[in-house]
Structure formats: structure tokens, C-alpha cells
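Structure first, commentary second.
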Amino acid sequence: MSTNADLASLFEQAADLLALLGENSFKVLAHRKVARVLEDLPQDVASLISSLDDLPGVGESSAEKIKEYLRTGSVGEFTALRQQVPAGVVQMLAIPSLGVKTAAQLWHEAGITDIATLKQKLDDGSLLTLKGMGEKKIAKIKANLAFVGKEADRVRVDIAMAIAQSYCALLEQPLKQGGAATQVQYCGSLRRGRETIGDLDILVCGDAAAAGQIAERLRGHSLTGQIVAAGDTKITLRTRADLQVDVRIVPAESWGAALQYFTGSKEHNVKLRERAVRQGLKLNEWGLFRGDKPIAGLLEQDIYQSLGLAAPPPEVREDHGELEQAESLFKANASWQLVTMADIQGDLHMHTTASDGSQSIDDIVAEAKRRGLKYIAITDHSKSQFQARGLTVPRLIEHVNAIRAVARKAKDILVLAGSEVDILADGSLDYEDDVLAQLDWVVASPHAALAQDSDKATIRLVRAASHPLVHVLGHPTGRLVGTRRGLEPDMPQVISAARRSGIAIEINANAHRLDLRDVHVRLALEAGVPICINTDAHSFDDFDQLPFGVLTARRGWAKASDVLNARSVADFKSWLDSRRGAAHW
DNA sequence: GCCGTTTTCGGCCCGACTGTTTTCAGTCG
């Protein structure tokens with residue numbers, strides 16, 4: 001899979017180089033598009049070698065380059081491009097407010113080919129003679145130099161969500177003049193539920209006259225570092241932790257259009273606007289227009305309906321075929337029906353003080369009931385997880401008995417005695433079959449040897465997924481968002497194995513994991529493998545991670561019927577009964 | 001470079017903000 005990422009980065013780099021060389025901007029864009037397609041690809045690009053042309057956005061020329069890379073490990077044309085542009089010029093693009101035009105100008109007109117020289121010339125005033133280069137621009141570039149090298153990483157969705165909610169709450173408070181904002185909503189990749197967020201977009205319904213007051217209020221928020229720009233309809237700020245927040249002020253009649261526009265994705269919007277143009281209409285953040293006449297704009301769904309589409313939920317707006325689906329749904333007079341928080345009936349992966357959790361069996365059952373769950377599985381770690389106090393077989397038997405004792409007296413909730421059994425490096429499980437057979441529920445997860453190569457990882461996970469006593473594959477790759485790559489198996493093979501043995505695959509809802517990831521969720525569902533959205537709760541707070549798992553499921557187009565723990569207790573039990581390895585209750 | 005319900009050629013989404021300008025270019029999303 002890292003082949004995909006490496007190739008994507010090559011195409012992205014090529015796009016920068018072409019732009020710096022003054023190439024046609026649509027050609028530049030085409031390269032960025034290929035980079036994005038490769039990044040989003042759920043399977044290894046090498047497995048598609050004979051059908052690369054079928055990927056939307058990948059034409060004959062790019063397909064050849066991809067093949068060349070797979071054959072030789074490099075792309076001759078890209079290598080040649082790199083030789084034409086000094087590396088330091090490319091590095092300058094990392095400076096905010098300094099784009100390709102300026103970088104090319106500095107290179108050609110001032111002979112600047114590295115950042116050190118740029119710094120020096122910014123200071124000595126010699127750049128003022130360049131066209132379009134004034135005091136303010138120079139000051140801005142100087143200030144932004146600080147961002148080079150410590151490029152703000154994308155922020156995990158849970159962190160971004162907390163920040164967004166804090167700013168939204170602030171903006172919802174009444175203003176001194178002009179009344180309260182009637183509506184406030186975060187948009188962008190956060191609303192689409194991506195696992196990481198690059199910046200925050202917040203939409204405020206209100207009068208442009210209030211922009212000044214809103215800016216002042218934002219300035220006073222404890223998280224705000226500096227206000228970067230402040231106009232009548234847009235205020236941009238950076239938090240102290242360097243996350244960019246864009247706040248837009250829109251009038252009520254444009255609320256829906258703005259919501260649609262700022263939710264994106266960019267690629268989804270491009271497709272949508274092209275569709276509007278084909279129908280003789282124009283779509284922008286102010287509304288959908290025929291000539292000057294507004295057709296829709298108040299509500300987001302009106303925009304889509306006016307274009308003959310069933311409004312797709314924000315989570316699927318990635319230009320991954322959702323407009324085609326939206327069109328068929330519209331024609332069938334149907335709507336999108338993705339799984340929601342309210343559908344979730346059970347949680348089938350949780351820990352107690354028996355291993356590394358901080359809650360007792362009684363506490364966890366009470367908390368699950370309080371949150372309206374109808375069934376849970378208690379799944380502490382297996383014996384190899386020494387550091388997590390994994391259970392030896394005697395301790396496991398004792399623990400299972402304790403769980404069953406609680407289960408017998410628990411009312412209105414089904415409590416299963418299970419285990420999160422380690423998938424060892426070779427794909428065998430951490431307990432013998434006769435031990436596993438005594439459990440109601442088995443989550444099989446990898447925890448160690450997460451750096452093994454792709455082939456070994458595939459064999460390992462296929463073996464575990466084929467084990468007759470396993471019910472669900474837990475956090476299949478072991479990746480940690482932004483910090484650990486985890487296993488990179490050939491996911492279609494793992495999914496096929498799960499389908500053959502009739503097991504489910506987990507979406508671990510914890511925002512650190514979100515494993516299975518969105519694109520693989522979709523592959524699993526297309527193969528007919530049910531998913532299971534589990535919190536892997538180690539404490540009461542971890543129950544709050546569930547929404548991130550649901551968002552990820554929705555990004556994979558999951559309906560409630562695709563989700564095992566969205567079934568009623570009775571339906572869940574009959575699924576369990578249909579599995580080999582009789583359950584005990 | 002990519003693509004096709006006008007098209008295999010000729011388009012390719014659209015606007016806000018800033019800074020530099022006397023009407024627009026660059027950057028960003």
C-alpha cells in the first residue's frame with residue numbers, strides 16, 4: 001500500500017514542478033488529481049496494472065508513468081523535471097502565502113534557489129524592486145517563514161471536533177448588536193467525518209455588518225493565536241496550536257448553498273458544479289442560479305434535488321461515485337439510508353480491570369445500560385499481552401465465570417463473556433481452540449509484529465480470519481492515526497477470507513485507531529462482510545468514541561443492515577447461533 | 001493531462017481576501 005502513497009507523492013511533486021516551470025495549469029491539476037486517486041485507492045495499485053485507465057482521472061499518459069514506476073522504481077519524466085528546478089525553489093512552496101508564481105519569480109528574477117538566500121534578501125530590501133513585491137508582502141513572507149519545516153500536521157478528528165464545538169458554542173452566544181447568529185455549523189472535512197482534519201470551516205448565519213463583532217469575539221477565545229484575515233464574509237484565524245480556522249458569515253437565503261459549498265469535498269463540488277453547468281445552471285456558495293434567478297439556496301437538500309440528486313450525506317461526498325448513486329436514488333424516489341448513532345444496539349469489544357481497563361464488570365454493564373445498549377461483549381486481553389495484564393488460561397476461566405455471574409443478574413442487557421485474543425505474528429491465535437470454544441465471543445486482533453511486510457501480514461490476517469472460532473477481526477491493521485502505519489495486508493484477500501468463514505470485521509471507533517479505515521469498509525461491504533462498530537472501551541470516557549466509528553462506517557457507505565451491532569438482540573443472537581462454536585448463555 | 005447527454009477538440013468551478021495596483025494578480029480553499 002505504501003506503493004500507492006509513494007506514487008501519489010511523486011505525482012504531487014511533479015505537479016509542483018510543472019507549475020513552477022509555468023506549465024498549463026490544467027495539466028498541473030491533472031497530476032494532482034492522479035495523486036489523490038492513488039492516495040484514496042483501497043487496494044495496491046500493482047493489482048490494477050491492467051486496468052489503470054479505468055480509474056477516473058488517470059489517463060493513458062499517467063497509466064504509463066505508473067507502470068514505469070512499478071517496473072523500475074522511478075518515472076523518467078519526473079526525474080527530468082526535478083533536474084530542471086532547484087530543490088530550494090520547491091521548498092519555498094511550503095511557505096504560506098508564497099505560491100508557484102512568486103517562487104518562480106524569486107527564482108528567475110532574483111536568482112533565489114534556497115531558503116537561506118531568500119531570508120537574507122527579504123532582510124536587505126533588495127526584493128522591493130520586483131514587480132508586485134511591496135513592504136507588506138515581504139513582511140508576510142518573513143513571518144510565514146516560521147512555518148517551513150514545522151508544517152502543521154493534520155489534526156485527529158476527535159481533537160478537531162472538540163475545538164470546533166468550542167468555537168461554535170462561542171459563536172452561538174448572542175451578539176451585543178445584531179442579535180444572535182441563528183445558525184452555526186462546522187463544515188469541511190470535519191463534517192464529512194474524515195479521520196484527520198487539515199483546517200476547520202465554521203459557517204455562521206448572519207449579517208455581514210456583524211463581521212467586526214464576530215472577529216473580536218473570535219480574537220478573545222482562549223484557543224485563538226492570531227487573526228490572519230478579517231473581511232465582511234470571512235475571518236481566518238490560527239489557533240495557538242497552529243490549526244487554521246475559517247469562519248464564514250452567510251445570509252439566511254444562502255445558508256444551504258454555503259453549507260453545501262464549504263462541506264466539500266472540493267472534488268465533489270467540482271463534479272456538482274459541472275453537473276449544474278450541463279443543466280444550464282450556475283452553482284456557487286450563494287446559491288443555485290439560472291441566469292440571475294436563484295433556484296435554490298436556503299436548504300442544502302434543495303440544491304441537490306434541483307440538480308436531480310438525492311442529497312448525499314456529507315460523509316460520502318468524496319467524488320467516489322456518490323453522484324451516480326444520488327442520481328439513481330433520486331430517480332427511484334429514494335434517499336440515502338446510512339447507519340446512524342441511534343441504530344447502534346451493542347458494543348462487542350470492551351476491557352475491564354481484569355486486563356488493562358479501568359472499570360469493573362459491574363461498572364461497565366451499568367454504564368452500557370445507562371447509554372442504552374442492549375448487548376455487550378467483555379473482551380479482555382489474551383496471555384501474550386503481558387504489558388496489558390493479558391489473562392492466562394486459569395485467569396481467563398475465572399474471569400469468564402465472573403462475567404457470567406454478572407450476566408445472569410443483569411436485566412435488559414445481554415452480556416457476553418469473550419476475549420480479545422491476540423493474532424500472533426504467524427496468524428495463529430493466543431489461546432488453544434479448546435479454550436476459545438468456551439467463550440461466547442472472540443475478537444481476534446493483532447497487537448505485536450506490526451511492522452512485518454505486506455505478504456506476511458496478508459498470510460497472518462487471512463489465517464486468523466479463517467479460524468472457525470473467531471467472530472470478528474478486531475482493529476485489523478493495528479495502525480494508529482498519524483503515528484503508526486500498522487500492517488498493510490492485501491485487504492481484498494483478508495476480506496475474502498472473512499466472507500468465506502462468515503465473520504465480521506471491526507471498525508475500531510477509537511479516534512486513535514479508526515481501523516478498519518473508510519475505504520476498506522466499503523470494500524468489505526461490497527464483498528458482503530458485515531462490520532462491527534466497537535469502542536474498545538478501557539474507561540467510561542471511551543464510550544464517547546462511538547460517533548467516530550459511526551462516521552467512518554458512513555464514509556464506507558454502511559447501512560444499518562450492514563452493521564452487526566445495529567441488529568436487535570434477537571437478530572444478533574441468531575447470527576451468533578448460525579456461527580460454528582456454540583455460544584453459552 | 002483528462003474527458004465526452006453539444007465534444008476525439010476545446011474546454012476544464014468559482015469566489016473571497018490581500019496587496020499591489022489605478023483595474024488586477026496571486027493565493028487559498
Side-chain angles (χ1 to χ4, degrees), chain A residues 11 14-15 18-19 22-37 52-66 77-78 81 92-106 127-141 143-144 187-189 197-203 208 211 215 227-238 244-250 254 257-258 260-289 307-308 319 327:
Chain A
F11 271 88
L18 289 167
E23 250 306 347
N24 177 316
S25 62
F26 296 109
K27 183 170 169 179
V28 174
L29 220 60
H31 280 76
R32 296 202 199 281
K33 167 86 179 175
V34 174
R36 182 170 178 275
V37 168
L52 288 171
D53 269 346
D54 295 346
L55 293 172
V58 179
E60 200 182 333
S61 163
S62 295
E64 281 309 314
K65 293 191 178 82
I66 292 170
E77 211 173 308
F78 292 171
L81 283 176
M92 284 193 257
L93 296 179
I95 304 169
S97 80
L98 196 160
V100 286
K101 302 282 183 180
T102 311
Q105 182 191 30
L106 292 169
L127 297 179
L128 280 167
T129 55
L130 295 183
K131 187 162 185 287
M133 196 65 75
E135 300 275 4
K136 283 189 175 177
K137 205 160 170 180
I138 284 176
K140 199 169 185 175
I141 294 173
N144 285 339
C187 304
S189 50
I197 310 300
D199 57 26
L200 290 179
D201 292 288
I202 297 176
L203 215 56
I227 304 284
V228 178
D232 285 344
T233 66
K234 176 182 167 184
I235 299 153
T236 298
L237 64 86
R238 283 190 159 277
Q244 182 167 318
V245 182
D246 289 328
V247 176
R248 320 263 175 168
I249 302 154
V250 299
S254 295
Q260 193 289 314
Y261 183 91
F262 291 112
T263 295
S265 65
K266 190 177 167 195
E267 291 76 12
H268 171 89
N269 286 358
V270 167
K271 280 282 166 65
L272 198 64
R273 287 197 288 275
E274 284 172 357
R275 188 181 172 89
V277 169
R278 277 202 304 276
Q279 298 182 13
L281 305 171
K282 189 177 81 164
L283 177 63
N284 58 31
E285 64 262 55
W286 304 105
L288 179 65
F289 301 89
L307 291 167
D319 186 23
E327 184 170 338

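Throughout, a chain's letter reflects where its sequence line sits, starting with A, and its residues are numbered from 1. Every value quoted in this text rests on a predicted model; they were computed, and no experiment measured them.
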So, OP1 or OP2 of B/dT27: does either fall under 4.0 Å of a side-chain N or O from A/Thr102? yes
Return the nearest nucleotide to the side chain of A/Asn284; candidates are B/dA16, B/dC14, B/dG19. B/dC14
If you compare every side-chain N and O of A/Gln244 against the phosphate oxygens of B/dC28 (OP1, OP2), does one of them come in below 4.0 Å? no
Could you tell me the Watson-Crick or G-U partner of B/dG10, where both distances fall under 3.5 Å? Say none if there is no partner. B/dC3
Contact class for A/Ala276 (heavy atom, under 4.0 Å): base, sugar-phosphate, or nothing? nothing
Under 4.0 Å, heavy atoms only, any strand: does A/Leu29 hit a base, just the sugar-phosphate, or nothing? nothing
Give one of base, sugar-phosphate or nothing for A/Val34, where a contact means two heavy atoms less than 4.0 Å apart. nothing
Under 4.0 Å, heavy atoms only, any strand: does A/Asn24 hit a base, just the sugar-phosphate, or nothing? base
NA contact type, A/Lys131, heavy-atom cut-off 4.0 Å: base, sugar-phosphate, or nothing? nothing
Interatomic distance at P, B/dG15 relative to B/dT20, whole Å: 25 Å
Answer yes or no: does a side-chain N or O of A/Lys101 lie under 4.0 Å from OP1 or OP2 of B/dT20? no
For B/dC17 and B/dG10, measure between their P atoms and round to the nearest Å. 37 Å
Given B/dC2, B/dG29, B/dG19, the nucleotide with the shortest approach to the side chain of A/Ala30: B/dC2
So A/Val28, base contact, sugar-phosphate only, or nothing? Heavy-atom distance under 4.0 Å. nothing
What integer number of Å spans the P atoms of B/dC14 and B/dC9? 25 Å
Per atom distances to the A/Lys140 side chain, the nearest of B/dG1, B/dC14, B/dG19 is B/dG19
If you look at every strand shown and take non-hydrogen atoms under 4.0 Å, does A/Thr236 touch a base, only sugar-phosphate, or nothing? nothing
Mind checking A/Tyr261 for me? I need base, sugar-phosphate or nothing, with any heavy atom below 4.0 Å counting as a touch. base
